[in-house]
Amino acid sequence: MKLHELQPASGAHRPKRRKGIGIAAGQGKTGGRGQKGQKSRSGGVKRGYFEGGQLPLVRKLPFARGVGFNSPFRIDYTPVNVGQLAMAFQAGGEATPETMAEAGLVDKGEKYIAILGEGDINVPLKVTAHKFSAVAKSKIEQAGGTIEQIKVVRGGYRTR
């Protein structure tokens, strides 16, 4: 048996009945289409996305670009201010993501930390984080501290 020899069993397939409307068509007055209306007439098939005359969703979408879009490359940083660091750490201490989590400045599971410049710092600290604002850098260095930036690896590529 070859593919072109396949056919349904005899009697399993009936030829398609070509329906018309009217007595002459052979299926009675309405031909199984009901009385009046769009579906009773020839060509009266609505598109699959037809919404009853309302502006269809597929035509609204171009105006809603960007809504609900979540970039897979976005990095969410947890902000920590220099004023918080000054209160949480002693002079000469190290502020790393782990020690910040122990001090309660960030949650334990936070991946990326950004140091921002709000508040005053007057104790020298060695601060290690993923991102620093320019104001935070200058305030930490003016207090006699040092900064160390952790490289952020995103999708196998280094961003900084």
Side-chain angles (χ1 to χ4, degrees), residues 1-4 6 8 12-13 16 19 30 32-160:
M1 179 177 278
K2 295 188 173 78
L3 196 62
H4 68 275
L6 290 175
H13 180 74
K16 183 183 175 194
K19 285 192 174 182
T30 53
R33 292 170 177 255
Q35 295 289 324
K36 301 176 198 172
Q38 184 176 13
K39 289 184 182 177
S40 72
R41 299 185 164 88
S42 66
V45 180
K46 292 194 280 292
R47 304 176 304 277
Y49 55 89
F50 185 71
E51 296 181 20
Q54 174 176 295
L55 187 66
L57 181 67
V58 293
R59 288 188 57 201
K60 286 181 196 172
L61 285 178
F63 303 104
R65 278 202 185 114
V67 177
F69 173 74
N70 294 318
S71 172
F73 305 109
R74 178 182 168 153
I75 295 176
D76 288 324
Y77 293 95
T78 303
V80 176
N81 287 306
V82 290
Q84 294 173 295
L85 293 175
M87 286 190 279
F89 294 100
Q90 301 293 324
E94 282 193 32
T96 63
E98 293 82 24
T99 57
M100 287 183 220
E102 288 171 13
L105 297 178
V106 295
D107 290 334
K108 190 175 180 183
E110 295 296 342
K111 274 182 129 179
Y112 304 107
I113 296 172
I115 306 297
L116 304 180
E118 193 172 308
D120 292 320
I121 185 168
N122 48 13
V123 290
L125 295 174
K126 182 182 178 189
V127 184
T128 305
H130 300 89
K131 201 173 195 180
F132 292 87
S133 70
V135 175
K137 275 184 188 178
S138 64
K139 284 186 178 182
I140 293 168
E141 289 168 353
Q142 282 177 358
T146 58
I147 64 163
E148 185 181 330
Q149 191 163 357
I150 303 170
K151 296 237 185 244
V152 175
V153 178
R154 171 175 31 184
Y157 297 101
R158 289 178 183 244
T159 57
R160 289 190 184 87

| query | Heavy-atom count around Gln35 CD within 6.0 Å, excluding the residue itself: above 12? | reply | no
| request: Side-chain contact test, heavy atoms from C-beta onward, threshold under 4.5 Å: evaluate it for Ile150 versus Thr96 and give yes or no. | output: no
| Minimum heavy-atom distance between Glu148 and Phe132, given as atom pair plus value | O-CE1, 3.6 Å
| Atom pair NZ (Lys131) and CG (Leu116), whose distance is rounded to the nearest 0.5 Å | 9.5 Å
| query | Who pairs with Gln90 by side chain to side chain donor-acceptor pair (under 3.5 Å), at least two apart in sequence or on another chain? | reply | none
| request: Taking all heavy atoms of Lys139 and all of Asp120, pick out the closest pair and write down the distance. | output: NZ-OD1, 4.1 Å
| message | Does any part of the side chain of Phe89, heavy atoms only, come nearer than 4.5 Å to the side chain of Leu105, both counted from C-beta? | response | yes
| salt bridge (Lys or Arg N to Asp or Glu O under 4.0 Å) against Asp107, all qualifying residues, sequence neighbours excluded | none
| Within the side chain of Glu51, is there an N or O that forms a donor-acceptor pair under 3.5 Å with the backbone of Leu57? | yes
| task | Search all heavy atoms of Ala136 against all heavy atoms of Ile115 and return the closest pair with its distance. | result | CB-O, 3.5 Å
| request: Hey, could you give me the CD1/NZ distance between Ile140 and Lys126, rounded to the nearest 0.5 Å? | output: 13.0 Å
| task | Identify the two heavy atoms, one from Pro56 and one from Tyr49, that lie closest to each other, and give their separation to 0.1 Å. | result | CB-O, 4.0 Å
| field | Enclosure of Phe50 CZ (heavy-atom neighbours >12, cutoff 6.0 Å) | value | yes
| request: State, yes or no, whether a side-chain contact exists between Lys46 and Lys39 at a heavy-atom distance under 4.5 Å. | output: yes
| field | Shortest non-hydrogen contact between Asn81 and Gly117, atoms and distance | value | OD1-N, 4.3 Å
| query | What is the minimum heavy-atom distance between Ala129 and Ile113, and which atoms define it? | reply | CB-O, 3.7 Å
| Glu118 CD: over 12 foreign heavy atoms closer than 6.0 Å | no
| note | Exactly one of His130, Glu110, Lys111 clears side chain to side chain donor-acceptor pair (under 3.5 Å) with Thr78, and that residue is Glu110
| Quick one: does Thr128's side chain have a donor or acceptor within less than 3.5 Å of a partner on Glu94's backbone? | no
